[in-house]
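Comments concern the structure below.
Count residues from 1 along the sequence. No hydrogens, no waters, no symmetry mates; every other heavy atom, side chains included, goes into these values.
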Amino acid sequence: MMGDVTMDQKLRLVQQVRSRYQENQYDMSNRERILYGKNSMIPSERYDYPYRDMYGDPIEPAGSPISFFKLRFLAAVFLLAVVIFMDKSGTKLAGITTEEIFRAISADYDEKIEEWVEALSYNLPQR
């Protein structure tokens, strides 16, 4: 049976396996980029773009999705600055003091989360 396989068929099989491997690596790098919020598509030297034009040259993606990490980071820095300002000046914001904010941040919510999960699991339909 194996003697019937020509060298051309073996070559095509190897090319298909390599192409599938490159597609999988490309997909993994896209997932990592989405997961970690990387907004640039700089391919590493180990991986190549799996999609090629008719001349064999790699086809790079047209654009990358927008990363909101910078926006979230700036919002966090702004909120931290507001809390520090409130603490130093002793002011209230919408009737909330910094002591209440610190208490809410340092509170242990494990029991409440467990109660919520249990209540949610009891409301699920049984199979």
Side-chain angles (χ1 to χ4, degrees):
M1 240 12 213
M2 284 301 287
D4 297 341
V5 178
T6 66
M7 189 59 118
D8 187 45
Q9 290 173 330
K10 290 179 183 178
L11 181 62
R12 278 190 274 156
L13 179 63
V14 169
Q15 288 173 341
Q16 287 177 351
V17 168
R18 285 183 182 164
S19 175
R20 177 60 68 179
Y21 175 76
Q22 289 177 344
E23 287 176 13
N24 289 341
Q25 293 300 325
Y26 181 76
D27 290 342
M28 280 299 274
S29 66
N30 274 343
R31 290 181 184 127
E32 287 176 354
R33 185 173 42 85
I34 292 168
L35 180 64
Y36 298 119
K38 296 178 183 175
N39 59 357
S40 64
M41 284 292 297
I42 302 172
S44 66
E45 294 181 17
R46 291 185 358 219
Y47 309 124
D48 194 11
Y49 290 111
Y51 306 108
R52 301 186 174 276
D53 63 8
M54 60 188 266
Y55 302 108
D57 296 326
I59 300 173
E60 297 182 14
S64 61
I66 298 170
S67 171
F68 289 103
F69 176 74
K70 291 178 186 175
L71 182 63
R72 293 187 313 235
F73 181 75
L74 288 175
V77 168
F78 175 74
L79 290 174
L80 178 64
V82 168
V83 170
I84 291 172
F85 174 76
M86 288 173 55
D87 190 41
K88 295 293 181 187
S89 65
T91 60
K92 293 182 179 181
L93 183 65
I96 300 173
T97 64
T98 54
E99 289 82 22
E100 293 172 349
I101 293 173
F102 294 143
R103 211 174 311 123
I105 291 172
S106 63
D108 186 16
Y109 292 103
D110 287 341
E111 292 178 15
K112 293 190 183 281
I113 291 173
E114 289 175 6
E115 291 174 8
W116 181 77
V117 169
E118 287 177 13
L120 182 65
S121 64
Y122 288 130
N123 292 333
L124 292 176
Q126 300 296 325
R127 292 183 184 182

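Remark: Leu80 CG to Phe85 CZ distance equals 14.0 Å, nearest 0.5 Å. Taking CD of Glu114 as the start and CG of Asp110 as the end, the distance is 6.0 Å to the nearest 0.5 Å. Residue Leu93 holds its CG atom at 11.0 Å from OG1 of Thr98, rounded to the nearest 0.5 Å. Taking CG of Leu74 as the start and CZ of Phe68 as the end, the distance is 13.0 Å to the nearest 0.5 Å. We find the CD1-CZ distance between Ile101 and Arg103 to be 10.5 Å, quoted to the nearest 0.5 Å.
Of the charged side-chain nitrogens involved, none lies within less than 4.0 Å of a carboxylate oxygen, so that Glu115 and Lys112 do not count as a salt-bridged pair.
For Glu111, the CD atom is loosely surrounded, since the number of other residues' heavy atoms within 6.0 Å does not exceed 12. Within 6.0 Å of atom CZ in Phe73, 12 or fewer heavy atoms from other residues, nucleotides or ligands are found, so the atom counts as exposed in its surroundings.
Judged by distance alone, the side chain of Tyr26 and the main-chain N or O of Tyr21 form no donor-acceptor pair under 3.5 Å. The closest donor-acceptor contact from the side chain of Ser19 to the backbone of Gln15 lies at 3.5 Å or more, if one exists at all.
Applying side chain to side chain contact (heavy atoms under 4.5 Å, CB included) to Ile96 and the options Glu99, Glu100, Lys92 leaves one that passes, Glu100. Screening Gln22, Arg20, Met28 against Asn24 for a side chain to side chain contact (heavy atoms under 4.5 Å, CB included) leaves a single residue, Arg20.
Both Val82 and Ile105 sit in one connected hydrophobic cluster of ILVMFWY residues. Membership requires side-chain heavy atoms under 4.5 Å apart, directly or through other members. There is a path of hydrophobic side-chain contacts, each under 4.5 Å, that joins Val83 to Phe78.
The stretch residues 75-85 participates, sequence neighbours left out, in no side chain to side chain donor-acceptor pair (under 3.5 Å) pair at all.
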